[in-house]
Amino acid sequence: NMVTLLFAVVLFLSIVEEPVKALQTVISGETQAAAVRGLLQRLIPDQAQLFAITVNHTLGVKGLDSFQITSSGDKVRIQGTTGVAAAWGVQHYLKYWCNAHVSWSGDQLNLSDPLPHVDGVVTVSIPHRYRYYQNVCTSSYSFVWWNWTRWQREIDWMALNGINLPLAFTGQEEIWR
């Protein structure tokens, strides 16, 4: 019945709350920054070298993702607390300084040369630790037909939009058993 289901959900959340709060990446900042540079190579190969990407876990509010955008010479410098935060910073810069757009349906990535300069330091802290994406139908209706190129595009899109908690069905049947 509904009361039993609600009780089970509350119990489950109380059990997993503390371990979830303690989740931390084990991937180095340099590896995460390299992943964002790879994203830039796929997205804007002719301008990717104009971005300097770094990951600094101590930036911003503890426990929340943040990114910083600055300009130095002809480079746009983007620093994030994680690779996802840095990728979100890339998207923020492309959207608000370059009037660019990246979507499922197509992109508008006609960037000016030189890239627009950022005055001062722009810092954004994301108020939600986890940004969830997808639903239970997508994995069977859409994902089943994707090749690696399409998956890579989706993973890049998720990172650009700050998604750090995509639904992952791998092994769900075992949990339900």
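Numbers here simply count residues along the sequence, with the first being 1.
- The ring-ring contact (aromatic ring centres under 6.0 Å, His included) analysis of residues 27-49, with sequence neighbours excluded, yields no pairs.
- Every pair passing side-chain hydrogen bond (donor to acceptor under 3.5 Å, both in side chains) that includes a residue from residues 45-59 is listed here, sequence neighbours excluded: Asn56-Thr58, Asn56-Gln79.
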Distance-only criterion, 3.5 Å: show the donor-acceptor pairs between side-chain atoms of residues 111-118 and protein atoms not counting sequence neighbours.
from   : atom 1 : to     : atom 2 : distance (Å)
Ser112 : OG     : Pro114 : O      : 2.9

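- Without hydrogens or angle criteria, Thr123 side chain to Gln68 main chain gives no donor-acceptor distance under 3.5 Å.
- Here the shortest heavy-atom pairing between Pro166 and Met158 reads CB-SD, 3.7 Å.
- Screening residues 73-89 for salt bridge (charged side-chain N to carboxylate O under 4.0 Å, His left out) gives no qualifying pairs among residues at least two apart or on separate chains.
- Pairs engaging residues 88-110 under the salt bridge (charged side-chain N to carboxylate O under 4.0 Å, His left out) rule: Asp107-Arg153 [sequence neighbours left out].
- Inspection of the Tyr133 and Glu154 side chains reveals an N or O donor paired with an N or O acceptor under 3.5 Å.
- In this structure Arg37 satisfies the salt bridge (Lys or Arg N to Asp or Glu O under 4.0 Å) test together with Glu30, sequence neighbours excluded.
- Salt bridge status for Arg129 with Asp65: absent, with no side-chain N to carboxylate O gap under 4.0 Å.
- The backbone N or O of Asn110 sits less than 3.5 Å from a side-chain atom of Gln108, completing a donor-acceptor pair.
- Side chain of Gln32 to backbone of Ile27: a donor-acceptor contact under 3.5 angstrom is found.
- In this structure, Phe51 and Ile78 approach most closely via the heavy-atom pair CD2-CD1, 4.0 Å.
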